[in-house]
Amino acid sequence: MELIGTLGKLRLAALRLSRGNLHHASKPLTNPTLLRPFSTSPPSLETSPTQRPLRHRDLQTSLLPDLTQIDPVLDHDPSPPSTLDHGKAFRTNRPQSLVFNAPMEDLDESQTPLTSWEMARLLKKSLVVKRVVNMNGKGKQPSMYALVVVGNENGLAGYGEGKDEEASRAVRKATNRAIKNLKYFERYDDRTVYMDIEKKFHATTVFLRSRPPGFGNRSNHIIHEICCCVGIHDISGKVIGSHNPMNVVKATFEALNHQRLPEDIAKMRGKKVLDVQHVYYGAQ
Amino acid sequence: MPRVYDLCARIQNGFRARLRTIAIPDTKMNLAVSNILYHQGFISSVARGNYKAPDEEYTPTTPDNIATRRLWLTLKYRDNEPVLTKMSCISKPSKKITFTVTEMKSMVSGRRAKFVEPLQPGEIAIVSTNYGVLEIHDAMAKNAGGLVLCRAR
């Protein structure tokens, strides 16, 4: 017994205890296979390893990876290839948002913060619907492309693109994507932009000029529709350069997105900002 | 003839390159315009200095060191954005633009005057008057017209 060191004596003592030596004065310890020195909760006698709840409440047994199978991507396949043609080592998948002709799922309330009543009340305008062709080895594959702008006429607006064999389905896909892409745009007095904006997007330059109340929405037809959806009532818009409808839509959204608000300018320059119009003319 | 195009280009490029400080030639015109930009909050500080660095202690400008004298401006940024995005000349040697007080008032209130774009919210214009180089609002307060040098936003 002198040959065993202190650790050995401790281990023997633990074994003696674990064999259910109930005559011992100390607390009876459980089966050593369930004993985990690092666990915070006391291990219970009844649960087996499969029934025991996992340590983190968000972990689920169904989501854990099945390590008994070899994953074709993550694990190295030790078997030699069956043919001389090598298969793809990686799964090639484009992000779903870039694939316009993906199979369509209609939007339900769980996917957007809007209720279905609000979604039905949105102003939807399909600005571009055109026939596009994909040239294949099999020949010409025609499909319809749609660009839809959606807005609640109170600052929220977004655009979406969709492609399908039928025009109506393409428009529906585009609308769903537009609802997912809704964004809030700042407006001055809820009727116009804060200041004149000039934005260049590819070959299209868009000018959005702030105008007094009662001026109206006097712009290019595409800018007009977008401003209607956003809820901008007094604006003068002009497109210089390319008038490509898709690019005009994107240019206008970028212009409205990158507005510099007078409050931010005042903060940057360390000045106090005062709306003279509201103070002098008492605009509501 | 006051030439501010060099200053406009240097300040604009400095902001675009996200520089901390820039050195510009030490002239009365540059100093006047820099002071206006400082008081309007576009730059953090204006200091006299060497071509290497701003002066730690006061150094008088003499004919010996005049070639090395510079004005050092500390540029301002917030939220990863430059405070001054564009500074451009209005009056050029090829087309000089002089404003009366009425024209200045219309430019400031958002209407164009003499083919000059109106001032946007947050934009300033610098005018050279008989009272010196002033910001456009100060020139209107003094009831002084003059040559419209440049605009900054």
Side-chain angles (χ1 to χ4, degrees), chain A residues 184-201 205-216 218-219 232-238 240 254-283, chain B residues 11-12 14-16 18 20 33-46 73-88 90 104-113 115-126 135-138 140-141 150-153:
Chain A
Y184 183 75
F185 296 106
E186 300 283 346
R187 300 170 293 163
Y188 172 67
D189 243 359
D190 289 347
R191 53 168 193 88
T192 188
V193 280
Y194 273 96
M195 54 174 95
D196 296 356
I197 315 163
E198 179 197 334
K199 184 77 191 157
K200 184 172 182 305
F201 179 83
T205 315
V206 151
F207 289 86
L208 296 171
R209 288 176 282 252
S210 165
R211 284 293 177 260
F215 183 83
R218 304 186 202 179
S219 354
I232 289 173
H233 308 300
D234 306 301
I235 196 165
S236 160
K238 177 98 186 120
I240 298 276
E254 276 208 5
L256 291 170
N257 219 349
H258 297 131
Q259 277 187 81
R260 235 189 193 195
L261 307 179
E263 301 97 58
D264 298 333
I265 297 174
K267 272 188 207 161
M268 279 197 231
R269 286 171 48 185
K271 299 274 170 191
K272 187 178 148 184
V273 67
L274 180 72
D275 195 334
V276 175
Q277 191 129 25
H278 287 168
V279 169
Y280 254 25
Y281 302 104
Chain B
I11 292 179
Q12 232 188 208
F15 270 105
R16 279 200 196 150
R18 305 288 166 111
R20 188 163 165 253
V33 176
S34 311
N35 269 333
I36 292 172
L37 289 178
Y38 165 71
H39 286 294
Q40 291 296 321
F42 284 105
I43 52 181
S44 283
S45 71
V46 183
L73 315 180
T74 318
L75 306 181
K76 245 195 197 180
Y77 305 88
R78 194 194 160 93
D79 286 342
N80 221 19
E81 289 292 322
V83 173
L84 190 149
T85 46
K86 189 169 178 187
M87 188 170 171
S88 51
I90 296 175
M104 283 202 267
K105 282 179 181 165
S106 82
M107 182 194 183
V108 160
S109 33
R111 297 184 302 279
R112 74 155 178 82
F115 302 104
V116 176
E117 287 292 309
L119 282 187
Q120 294 305 316
E123 200 171 4
I124 64 154
I126 297 172
E135 209 264 310
I136 200 166
H137 293 93
D138 304 331
M140 284 196 298
C150 57
R151 69 200 300 159
R153 60 184 300 186

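All chains are named by letter (A, B, ...) in the order of the sequence lines, taking the proteins before the strands, and each is independently numbered beginning at 1.
For the atom pair CG of B:L84 and CG of B:L73, the computed distance is 10.5 Å after rounding to the nearest 0.5 Å. Between the OH atom in B:Y77 and the OG atom in B:S44 there is a gap of 10.0 Å [rounded to 0.5 Å]. Remark: B:C150 SG to B:I11 CD1 distance equals 8.0 Å, nearest 0.5 Å.
Looking at B:Q40, both its backbone and its side chain come within 4.5 Å of chain A, counting heavy atoms on both sides. When heavy atoms are compared at a cutoff of 4.5 Å, B:I124 approaches chain A solely by way of its side chain, counted from C-beta outward.
Looking only at heavy-atom pairs under 4.5 Å with chain B, the residue among A:D196, A:I265, A:V273 that has the most is A:D196.
Under the 4.5 Å side-chain criterion, counting only non-hydrogen atoms from C-beta, A:Q259 is not in contact with A:L208.
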